[in-house]
Amino acid sequence: MPAASGEQGVREQVSRMDPAGADPCCPSPTEGEAPPPQGLFPTSCNMAARAPPPRALAPPPVPTETAGKEQVKMELENASLWKQFSAVGTEMIITKKGRRMFPGLSVKLSGLNPALRYILLLDIVPLDSSRYRFQGDAWQTVGEAEARLPDRVFIHPDSPATGAHWLGRSVAFHRAKLTNHTLDSQGHIILHSLHRYQPRLHIMEARDMLRWGGAQHSFSFPETQFLTVTAYQNPRITELKIRSNPFAKGFREDGRNCKK
DNA sequence: TCGACTCGCACTTTTGAATCGG
DNA sequence: ACCGATTCAAAAGTGCGAGTCG
């Protein structure tokens with residue numbers, strides 16, 4: 001299946017950590033996108049104020065002299081599935097214990113330096129400042145969004161790995177979990193229910209897990225935007241999920257658990 | 001009263017340890 | 001002793017529906 005081209009449906013921002021500049025743990029918002037209310041990574045104060053998730057670290061920067069000379073590209077592998085959901089209005093269940101995303105984010109990378117090491121990150125940012133409700137047959141805004149929660153990132157379990165490792169294989173973030181538990185200690189990404197979000201993927205040069213720095217590439221795919229819910233609102237989304245998700249096989253018409 | 005949320009259920013897939021044979 | 005393939009049980013991931021909460 002041909003994946004979406006690097007130019008189609010992909011927005012990339014490339015930024016560079018300034019070794020001697022502003023707070024390296026909180027890079028200023030990248031250009032070309034509405035600046036999120038908070039930086040990509042929590043401030044050290046934020047990190048100290050809450051229990052750190054197992055793989056969500058705020059490492060010190062590493063000055064690097066090697067910038068990506070070739071253009072780094074990221075393609076969404078399962079873009080067609082995402083587009084099916086997006087056409088209906090993607091909903092993601094969030095639970096207290098954490099729920100995986102479906103569809104999951106699966107991408108292919110190109111343009112990385114095979115010899116350099118990289119860390120791949122996923123974070124999810126609010127799309128707007130509204131709260132939503134499913135009324136009639138559509139989502140409508142019903143008021144102001146709740147206060148933004150502390151940012152958390154999901155670090156791909158293979159990180160850090162060389163460019164050679166990431167190139168030519170599909171990189172899946174299906175283990176990332178979403179929760180509505182504001183005091184979550186499992187490192188899941190905390191979101192508000194009934195809000196709209198945009199997942200973002202980041203590639204960072206790194207020598208190891210504790211020394212990040214150098215060029216940073218950020219990508220977002222419009223078709224991966226979603227609304228968070230604690231129970232599906234749109235029956236068409238339920239139908240699509242049951243049809244597409246192997247774990248929900250039991251609810252298909254030929255399954256024993258299907259409702260008549 | 002109503003909408004949002006939680007929890008347990010029955011089902012499926014995934015994962016990893018144990019076992020077996022070459 | 002080692003390694004790869006197979007088996008199997010436990011863990012994890014699904015949506016549903018009833019019950020709870022504010």
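Here is how names work: the chains are called A, B, and so on, in the same order as the sequence lines, proteins then strands, and each is numbered from 1. In what follows, every heavy atom counts, from backbone to side chain, and hydrogens, waters and symmetry copies are set aside.
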Length of the line joining R236(A):CZ and dG15(C):P, which is rounded to integer Å: 17 Å
Parallel, tilted or perpendicular, as decided by the 30° and 60° cut-offs, for the rings of H192(A) and H195(A): tilted
Distance, rounded to the nearest Å, where N245(A) contributes CG and dC16(C) contributes P: 12 Å
F247(A)-F251(A) co-clustered via ILVMFWY side chain contacts under 4.5 Å: no
5' precedence on DNA chain B between H174(A) and A248(A) (nearest-nucleotide basis): A248(A)
In one Ile/Leu/Val/Met/Phe/Trp/Tyr side-chain cluster, 4.5 Å: M101(A), L227(A): no
Mutual orientation of the aromatic rings belonging to F102(A) and F85(A) [parallel < 30°, tilted 30-60°, perpendicular > 60°]: perpendicular
Nearest-angstrom distance from the residue atom CD1 of I237(A) to C1' of dG15(C): 14 Å
Sugar-phosphate only, base, or nothing, as touched by K97(A) at under 4.0 Å among non-hydrogen atoms: nothing
Atom pair distance, as rounded to whole Å: CE in M101(A) and P in dG13(C): 15 Å
Pairing residues for K241(A) by the salt bridge (Lys or Arg N to Asp or Glu O under 4.0 Å) criterion, not counting sequence neighbours: none
Heteroatom pairs (N/O) under 3.5 angstrom, protein to nucleotides 4-6 of chain B:
| from | atom 1 | to | atom 2 | distance (Å) |
| --- | --- | --- | --- | --- |
| dA4(B) | OP1 | R133(A) | NE | 3.3 |
| dC5(B) | OP2 | S193(A) | OG | 2.8 |
| dC5(B) | OP2 | T230(A) | OG1 | 3.1 |
| dT6(B) | OP2 | N180(A) | ND2 | 3.2 |

What pairs of donor and acceptor atoms, side-chain ones from residues 92-100 of chain A against any protein atom, are under 3.5 angstrom apart with sequence neighbours left out?
| from | atom 1 | to | atom 2 | distance (Å) |
| --- | --- | --- | --- | --- |
| T95(A) | OG1 | G98(A) | N | 3.1 |
| T95(A) | OG1 | G98(A) | O | 3.4 |
| R100(A) | NE | H174(A) | O | 3.4 |

Value in whole Å for how far the P atom of dT14(C) lies from CG of L178(A): 10 Å
Separation of atom NZ in K241(A) from atom P in dG15(C), rounded to whole Å: 6 Å
Pair of N/O donor and acceptor under 3.5 Å linking dG15(C) base with R99(A) side chain: yes
Separation of atom CZ in F247(A) from atom P in dG15(C), rounded to whole Å: 11 Å
Between C1' of dG13(C) and CD1 of I93(A), the distance in whole Å: 12 Å
Rounded distance [0.5 Å steps], CD1 in I124(A) versus OH in Y197(A): 9.0 Å
